[in-house]
Amino acid sequence: MKNRIIILLTMCLMSGITQIATAKTRNVHAEAHKHQLAAAKNIGLDKSTITRMVEEDIAARENSKAINAETEELLNDLLSEARSHMGKRYSRGSKGPNAFDCSGFSSYVYRQFGYSLSPSSRDQYNQGEKVDRKNLRKGDLVFFKGRSTKGGVGHVGIVVDADEKGNFTFIHAATSKGITVSNCNEPYYAARFVGGKRVID
C-alpha cells in the first residue's frame, strides 16, 4: 500500500514537473513570437514611413504648384502686364515704363500689383521663398548668372510657363531683344541658371 502511494505521488510529481516544463516552453515560445511580431511590425512601420514620406513629398510638390482661384487671377494679370511691354527696348539702369533693364522690368511689373522688389537682380535673389526648379510655376522669378558663368546673379526674369521636369519659359528684358520671352533650354540661359524664387504665395 505504501509503495503504491509512493508510486502515485511520484507520478503526480513527474506530471507536475512536465506541466511546469511545458508551461515554461510555452512561455519561451510566446516570448519568441512576441519578439518576432514586434520585428515584423517594425519592418512594416519602416515601409509605411518610407511610403508616407514619398507620398508627402509628392503632395508637397503638387501643393507647391497648386494655385487658388484668387492667386491664379493675380498671376494671370501679372503676366498680362508683363506681356503688354513686349518689344520695349533694353536700357541699362532703366526702370520703365518706356525702357527697362532686367531687374527694372521685374520690379516694375510686380510693383503694379503692390509687391516691392529690390532694384537689382542680385538683391531680388535674396527675396521671396526658394523654389526647386521642378516646382517652378508661372509668376515665379528665375535668376541667371551674368555674361560670365563664373560670376554671381546677374539677370532675372518672370516665369511664363513651367512643367514638372524643370523646363520653363520666362519673360525678361534681354540686352539684344528688349522685353521678350525665352526658353530655359536655350544654351545661353541653360548654362547660367542659378535658381528660382516665389514672391507671390
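These numbers come from a predicted model, not from an experiment.
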Which distance, rounded to the nearest 0.5 Å, do you find between the [atom1] of [X] and the [atom2] of [Y]?
X    : Y    : atom1 : atom2 : value
F105 : T180 : CZ    : OG1   : 10.0 Å
R147 : T175 : CZ    : OG1   : 4.5 Å
Q112 : L78  : CD    : CG    : 9.5 Å

Can you classify the ring geometry of F168 versus F193 as parallel (below 30°), tilted (30 to 60°) or perpendicular (above 60°)?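 Tilted, since the angle between the ring planes falls between 30° and 60°.
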What class does the angle between the rings of Y108 and H85 fall in, given that below 30° is parallel, 30 to 60° is tilted and above 60° is perpendicular?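 Geometry flag for H85 against Y108: perpendicular rings.
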Identify the two heavy atoms, one from [X] and one from [Y], that lie closest to each other, and give their separation to 0.1 Å.
X    : Y    : value
I171 : V160 : N-CG2, 3.7 Å
K95  : R111 : O-NH2, 4.2 Å
S121 : C102 : CB-SG, 4.4 Å
A174 : Y189 : CB-OH, 4.2 Å
L136 : V131 : N-CG1, 3.9 Å
H155 : H172 : NE2-ND1, 2.7 Å

Audit row: L74, E70, side-chain contact (heavy atoms from CB on, under 4.5 Å) steps and yes/no: CA-CA 6 Å; L74 172 60; E70 185 179 345; 5.9 Å; no
Should V153 and F100 be regarded as members of a common hydrophobic cluster, given that ILVMFWY residues are connected when their side-chain heavy atoms come within less than 4.5 Å of each other, either directly or indirectly?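 Cluster IDs for V153 and F100 match.
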Strictly below 4.0 Å, N to O, side chains only: are [X] and [Y] in salt-bridge contact?
X    : Y    : value
E72  : K138 : yes
R92  : D101 : no
R137 : D161 : no

Donor-acceptor pair, side chain of R133 and main chain of G166, under 3.5 angstrom: yes
Against Q124, only a single residue in S118, S106, S103 fulfils side-chain hydrogen bond (donor to acceptor under 3.5 Å, both in side chains); can you say which? S106
